[in-house]
Amino acid sequence: MSNPVADLIARSNRLGADKRNTNFAGGNTSAKGTETDPVTGADVDLLWVKGSGGDLGTLKAAGLAVLRLDRLRAMVDTYPGIEAEDEMVARFDYCLHGRGGAAPSIDTAMHGLVDADHVDHLHPDSGIAFATAADGPALTKECFADRVVWVPWRRPGFQLGLDIAEIKRANPQAIGCILGGHGITAWGDTAAECEANSLEIIRGCETFIAERGKTEPFGARVAKWAPLEDAARLERAAALAPVVRGLASTDRRQVGHFCDDDAVLEFLSTEKMPDLAALGTSCPDHFLRTKVRPLVVETAADAPLEEVVEHLKERHAAYREDYRAYYERHAEPDSPAMRGADPAIVLVPGVGMFSFGADKKTARVAGEFYINAVNVMRGAEALSSYKPIDESEKFRIEYWALEEAKLKRLPEPKPLAGRVALITGAASGIGKATAARLAGEGACVVIADLDEAKAIEAAAEIGSADVAIGLAANVTDEAAIETAMAKAALAFGGVDLVVNNAGLSQSKPLVETTAADWDLQHDVMAKGSFLVSREAAKLMIAQRMGGDIVYIVSKNAVFAGPKNIAYSATKADQAHQVRLLAAELGEHGIRVNGVNPDGVVRGSGIFAGGWGAKRAAVYGVKEEELGKYYAGRTLLRREVLPESVADAVYALVGPDLGLTTGVHIPVDSGNPQGFLR
């Protein structure tokens with residue numbers, strides 16, 4: 001016997017796995033069936049429908065809303081009209097069956113009112129190309145005859161559900177419809193039939209565009225906007241990323257994503273690009289994530305960087321004025337307040353697309369949605385001309401009370417949300433613990449380490465590439481540091497927080513310390529910290545968003561320990577760098593602080609690399625007892641762990657010490673030898 005929920009999940013996952021069928025988190029699917037009511041023992045007709053915010057490709061049963069059909073359909077008799085759309089959505093909660101499940105989406109009425117056991121509502125690029133073509137109704141009839149019916153644009157809601165239900169009733173031969181400006185809906189008596197009908201519409205649109213469409217729908221190529229060569233393009237993108245991110249964060253801090261896919265570069269190089277971009281996106285899923293339209297740069301791809309930056313600033317100022325005017329043109333007295341006037345999408349011909357969001361995933365998905373929009377424009381222009389829904393309709397959805405309520409339901413952002421941290425020597429020990437702590441507090445983290453494989457492994461332990469990336473970084477090599485910063489800028493838009501943690505140690509008496517020993521210690525820690533701080537400061541200054549630089553120094557920066565000249569001297573150098581840079585970078589809002597650990601044995605890469613054995617020999621204890629020895633000489637009698645140092649880093653960069661710079665925090669369990677004096 002068929003299981004409607006299992007069939008629905010399987011169908012949804014198949015459809016969502018192919019982005020030709022629908023975009024991320026776009027559309028919804030449903031199934032109807034009968035179960036026994038545990039209260040009455042009688043049969044009850046139910047609707048299972050993908051809930052608000054879920055993604056079809058990864059949908060599970062917990063992501064479904066489950067509603068009683070009798071109660072949902074009874075709403076038809078009490079529906080007062082389109083002025084009560086918001087009220088009708090609130091009523092869905094009174095139709096829910098059982099506990100748990102996802103919140104019903106705005107499209108629930110469409111699924112419940114259409115007289116078919118299975119319904120798909122999807123946002124395929126090819127289908128939206130038909131939906132946004134100037135002569136979409138005629139094209140739909142030419143392509144599908146009477147098997148697919150055109151539905152003029154209507155804002156999603158209860159009335160749209162009534163409209164589609166009537167279309168299904170009046171057109172028994174139809175397998176679905178194209179929703180003007182929006183997407184497609186298909187239905188079937190079985191899950192397999194519904195899926196087949198959805199794919200017939202999607203593939204039919206694709207084939208029609210391929211066979212009938214113009215070969216150059218975006219017009220002629222513009223020579224000055226031709227894509228730069230790969231290396232030059234990435235170099236220019238990395239240089240622009242912190243500038244663009246800083247502008248896009250004028251109202252609130254954003255994380256960035258860069259994309260230079262072929263589809264993007266092709267669109268950006270064509271004569272129609274500026275005019276099409278100005279028309280904005282059409283499908284609600286698109287413009288809710290990309291904003292009503294992107295910011296477009298129109299300088300030559302190879303124009304001097306300074307010229308492009310100045311042009312960007314001018315365009316950004318104009319964009320903010322235009323967005324405010326858009327808001328004021330359409331806002332009603334009860335409209336939500338303007339959420340921010342910065343762009344979510346910035347297009348730079350010859351270079352690529354920058355997209356922004358509150359976190360990396362949101363930024364990446366915004367970029368993916370704009371690529372969907374480009375595909376839509378290509379299809380619509382290939383067949384006729386692109387004609388998205390009216391600007392006033394976009395505003396009604398962008399500032400819809402239901403959308404505002406959805407935003408308010410989002411969890412409060414974590415303290416470091418929107419910040420990008422780069423930690424050197426972070427594949428193990430203190431660096432790894434710090435990366436994990438900062439990521440746990442909401443930051444995107446870049447794990448930079450001499451051992452690239454271990455850096456990548458450590459990043460994977462923290463999370464996906466939306467949270468952490470690992471890369472190689474030899475802190476003694478200027479070019480390597482520049483490359484690491486460029487990769488961080490391309491991955492997340494820039495850098496806000498740097499932790500100078502990379503280090504090594506050699507325990508030798510003065511007479512046995514060679515010049516090579518001295519140079520190695522100072523190259524890695526003194527010179528390395530200087531190079532990392534310098535390159536990070538360049539990005540932070542370009543972003544104009546302030547920032548934090550934290551040095552992992554040592555108790556040895558203030559304590560003259562035995563047989564430790566090279567290590568302790570370079571730690572003293574780092575300690576003074578903190579004070580010098582705090583004094584210099586304060587005018588840019590960049591804070592510089594230090595942490596002075598002592599006796600971090602467990603989990604430490606330095607101690608595991610031979611330093612522990614040498615220090616144990618100096619103090620006359622067994623190596624395995626070194627941590628206990630260090631703890632025993634402290635006031636608190638507790639061993640210091642890498643996580644202890646990570647906690648101190650977070651204390652310095654978190655929300656509570658925003659006016660603190662130029663200080664060192666001891667993390668030594670209370671070692672009088674390390675008291676600052």
Side-chain angles (χ1 to χ4, degrees), residues 234-258 295 297 305-306 308-317 319-320 340-346 348 351-360 362-364 366-367 413 415-423 438 442-446 448 469 481-500 531-550 581-582 584-593 652-655 658 661:
L234 292 178
E235 181 180 358
R236 174 59 60 91
L240 288 174
V243 177
V244 180
R245 180 181 176 225
L247 294 172
S249 298
T250 299
D251 288 323
R252 58 183 60 88
R253 184 181 293 272
Q254 302 283 287
V255 175
H257 175 73
F258 174 71
L295 185 157
V297 171
L305 181 62
E306 297 77 9
V308 180
V309 169
E310 189 59 33
H311 179 75
L312 257 171
K313 292 177 179 177
E314 293 171 358
R315 282 297 172 98
H316 176 253
Y319 185 97
R320 287 178 60 83
D342 294 317
I345 304 292
V346 176
V348 184
V351 178
M353 171 179 64
F354 297 94
S355 54
F356 298 93
D359 53 36
K360 170 66 176 186
T362 304
R364 174 177 55 78
L416 298 184
R419 301 193 69 189
V420 181
L422 184 146
I423 306 100
L438 299 182
C444 299
V445 296
V446 179
I469 63 168
I481 295 305
E482 291 172 359
T483 298
M485 292 294 172
K487 288 182 177 179
L490 292 175
F492 298 118
V495 172
D496 307 300
L497 195 169
V498 162
V499 181
N500 279 311
L531 291 176
V532 171
S533 296
R534 186 187 68 186
E535 296 309 309
K538 290 178 182 178
L539 265 68
M540 293 177 189
I541 291 170
Q543 290 173 160
R544 303 177 69 179
M545 296 160 62
D548 281 281
I549 301 175
V550 179
L581 297 187
E584 179 176 340
L585 298 177
E587 65 178 287
H588 301 290
I590 300 170
R591 303 182 307 130
V592 187
N593 293 293
L652 285 168
V653 303
T661 189

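Here the structure is a predicted model, which is why all the values come from computation and not from measurement.
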> Roughly how far, to the nearest 0.5 Å, is CG of D548 from CZ of R419?
Replying inline: 4.5 Å
> Considering all heavy atoms of both residues, which atom of A536 and which atom of V498 are nearest to each other, and what is their separation?
Replying inline: CB-CG2, 3.4 Å
> How many angstroms lie between atom CG of L234 and atom OG1 of T483, to the nearest 0.5 angstrom?
Replying inline: 11.0 Å
> Any side-chain heavy-atom pair from L240 and F354 closer than 4.5 angstrom?
Replying inline: yes
> Between T362 and D359, is any pair of side-chain heavy atoms under 4.5 Å apart?
Replying inline: yes
> Which atoms form the tightest heavy-atom contact between F356 and G256, and what is the distance?
Replying inline: CD2-CA, 3.6 Å
> Which pair of heavy atoms, one from S533 and one from N500, lies closest together, and at what distance?
Replying inline: OG-ND2, 3.0 Å
> Of the non-hydrogen atoms in A488 and L422, which two are nearest, and what is the gap between them?
Replying inline: CB-CD1, 4.3 Å
>> Looking at D251 and A341, would you say the former's side chain and the latter's main chain have a donor-acceptor pair under 3.5 Å?
In response: yes
>> Nearest 0.5 Å, please: how far is NZ in K360 from NE2 in H257?
In response: 5.0 Å
> Between L585 and I549, is a side chain to side chain contact (heavy atoms under 4.5 Å, CB included) present by the stated rule, with each step listed?
Replying inline: CA-CA 10 Å; L585 298 177; I549 301 175; 4.0 Å; yes
> About how many Å separate CG of N593 and CG of L652, when rounded to the nearest 0.5 Å?
Replying inline: 5.0 Å
> Hey, does H588 have a side-chain heavy atom less than 4.5 Å from the side chain of M540?
Replying inline: no
>> Quick one: does any side-chain atom of S355 pair with a main-chain N or O of A363 as donor and acceptor, under 3.5 Å?
In response: yes
> Quick one: are L247 and D342 in side-chain contact, heavy atoms under 4.5 Å?
Replying inline: no
>> Please report the interatomic distance CG(L295) to CZ(R315), rounded to the nearest 0.5 Å.
In response: 7.5 Å
>> Checking the side chain of E482 only, and the main-chain atoms of E535 only, is there a donor and an acceptor separated by less than 3.5 Å?
In response: no
> Checking R245 side chain against A489 main chain: does a donor-acceptor pair fall under 3.5 Å?
Replying inline: no
>> Please report the interatomic distance CD(Q543) to CZ(R253), rounded to the nearest 0.5 Å.
In response: 7.5 Å
> Looking only at heavy atoms, what is the nearest atom pair of L438 and A421, with distance?
Replying inline: CD1-CB, 3.8 Å
>> So which atom in Q254 and which in A248 form the shortest heavy-atom distance, rounded to 0.1 Å?
In response: CG-O, 3.4 Å
>> Using a 6.0 Å cut-off, check whether atom CZ of R544 has over 12 heavy atoms from anything other than its own residue.
In response: no
> Is there side-chain contact between L312 and V346, with heavy atoms separated by less than 4.5 Å?
Replying inline: yes
> Is a side-chain N or O of R320 found less than 3.5 angstrom from the main chain of T250, in a donor-acceptor match?
Replying inline: no
>> Is there a side-chain contact between L581 and I590 in this structure, where contact means two heavy atoms from C-beta onward sitting under 4.5 Å apart?
In response: no
> Do any N or O atoms from the side chain of D496 and from the backbone of V420 form a donor-acceptor pair under 3.5 angstrom?
Replying inline: yes
